[in-house]
K.L.:
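Got a structure for you, written out below as structure tokens; questions coming shortly.
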Amino acid sequence: MLGLYPGDYDTATLVRKSLTQLRGAANPPASRPSFMDYMNGRVVISAVTNWASFISDDLALPGCTQRLHIPALPDLQAGGVGLFSNGCIVFRPRAGRIGVMVAEKKASHPSYSCQSLRA
């Protein structure tokens with residue numbers, strides 16, 4: 001897991017450089033939030049993960065045809081994404097397709113929304 005902080009993700013170039021060197025790329029280095037910032041909810045934690053290579057073909061179940069295969073997540077309305085405030089999962093809904101599931105905690109409303117997109 002790679003932590004990026006304000007300053008590390010100001011531009012796409014900084015994000016790419018951070019991924020290449022596996023540490024934040026801001027110059028001067030970005031300051032990290034304090035323990036109390038996390039405890040007081042002043043820190044937004046987001047994650048992006050790629051599950052697209054988990055299954056490359058449709059599932060083969062006797063007598064069944066796969067129409068859609070999406071990541072199983074806890075109830076997003078209950079705030080079930082755990083530690084993360086926002087998240088994005090890249091996945092393969094069926095052979096030859098890529099999908100993106102986005103969970104976003106809205107600052108003005110304590111629930112989550114989720115969308116599945118096709119490429």
K.L.:
Counting only heavy atoms not in Arg32 (residues, nucleotides, ligands), do more than 12 fall under 6.0 Å from its CZ?
P.N.:
yes
K.L.:
Which atom names give the shortest non-hydrogen contact between Phe91 and Ile70, and what distance separates them?
P.N.:
CE1-CG2, 3.7 Å
K.L.:
What is the minimum heavy-atom distance between Ser31 and Tyr5, and which atoms define it?
P.N.:
O-CB, 4.0 Å
K.L.:
Looking only at heavy atoms, what is the nearest atom pair of Ala25 and Ser18, with distance?
P.N.:
N-OG, 3.1 Å
K.L.:
Just verifying a value: how many Å separate Arg16 CZ and Gln21 CD, rounded to the nearest 0.5 Å?
P.N.:
13.5 Å
K.L.:
Would you call Pro93 and His69 a side-chain contact if the rule is heavy atoms closer than 4.5 Å?
P.N.:
no
K.L.:
With clusters defined by side-chain heavy atoms of hydrophobic residues (ILVMFWY) lying less than 4.5 Å apart, directly or transitively, does Ile89 cluster with Leu68?
P.N.:
yes
K.L.:
With side chains defined as the heavy atoms from C-beta onward, is the minimum distance between Cys88 and Val100 less than 4.5 Å?
P.N.:
yes
K.L.:
Could you give the distance from CZ (Arg92) to OG (Ser53), rounded to the nearest 0.5 Å?
P.N.:
7.5 Å
K.L.:
Go through it in stages, so that I can follow the logic: the residues are Phe35 and Asp37, the test is side chain to side chain contact (heavy atoms under 4.5 Å, CB included), and I'd like the CA-CA distance, side-chain angles, deciding distance and then a yes or no.
P.N.:
CA-CA 5 Å; Phe35 174 76; Asp37 288 333; over 6 Å; no
K.L.:
Just verifying a value: how many Å separate Lys17 NZ and Asn27 CG, rounded to the nearest 0.5 Å?
P.N.:
7.0 Å
K.L.:
Start with the C-alpha gap between Leu2 and Leu19, add the side-chain angles, then the distance that decides, and say whether side chain to side chain contact (heavy atoms under 4.5 Å, CB included) holds.
P.N.:
CA-CA 8 Å; Leu2 175 64; Leu19 292 171; 3.8 Å; yes
K.L.:
Compare every heavy atom of Ala26 with every heavy atom of Asp8, then report the nearest pair and how far apart it is.
P.N.:
OD1-N, 3.1 Å
K.L.:
Give me the atom names and distance for the closest heavy-atom approach of Arg67 to Arg94.
P.N.:
O-NH1, 3.7 Å
K.L.:
Between Trp51 and Thr49, does the side-chain hydrogen bond (donor to acceptor under 3.5 Å, both in side chains) criterion hold? Intermediate values first, please.
P.N.:
CA-CA 6 Å; Trp51 297 3; Thr49 182; 3.2 Å; yes
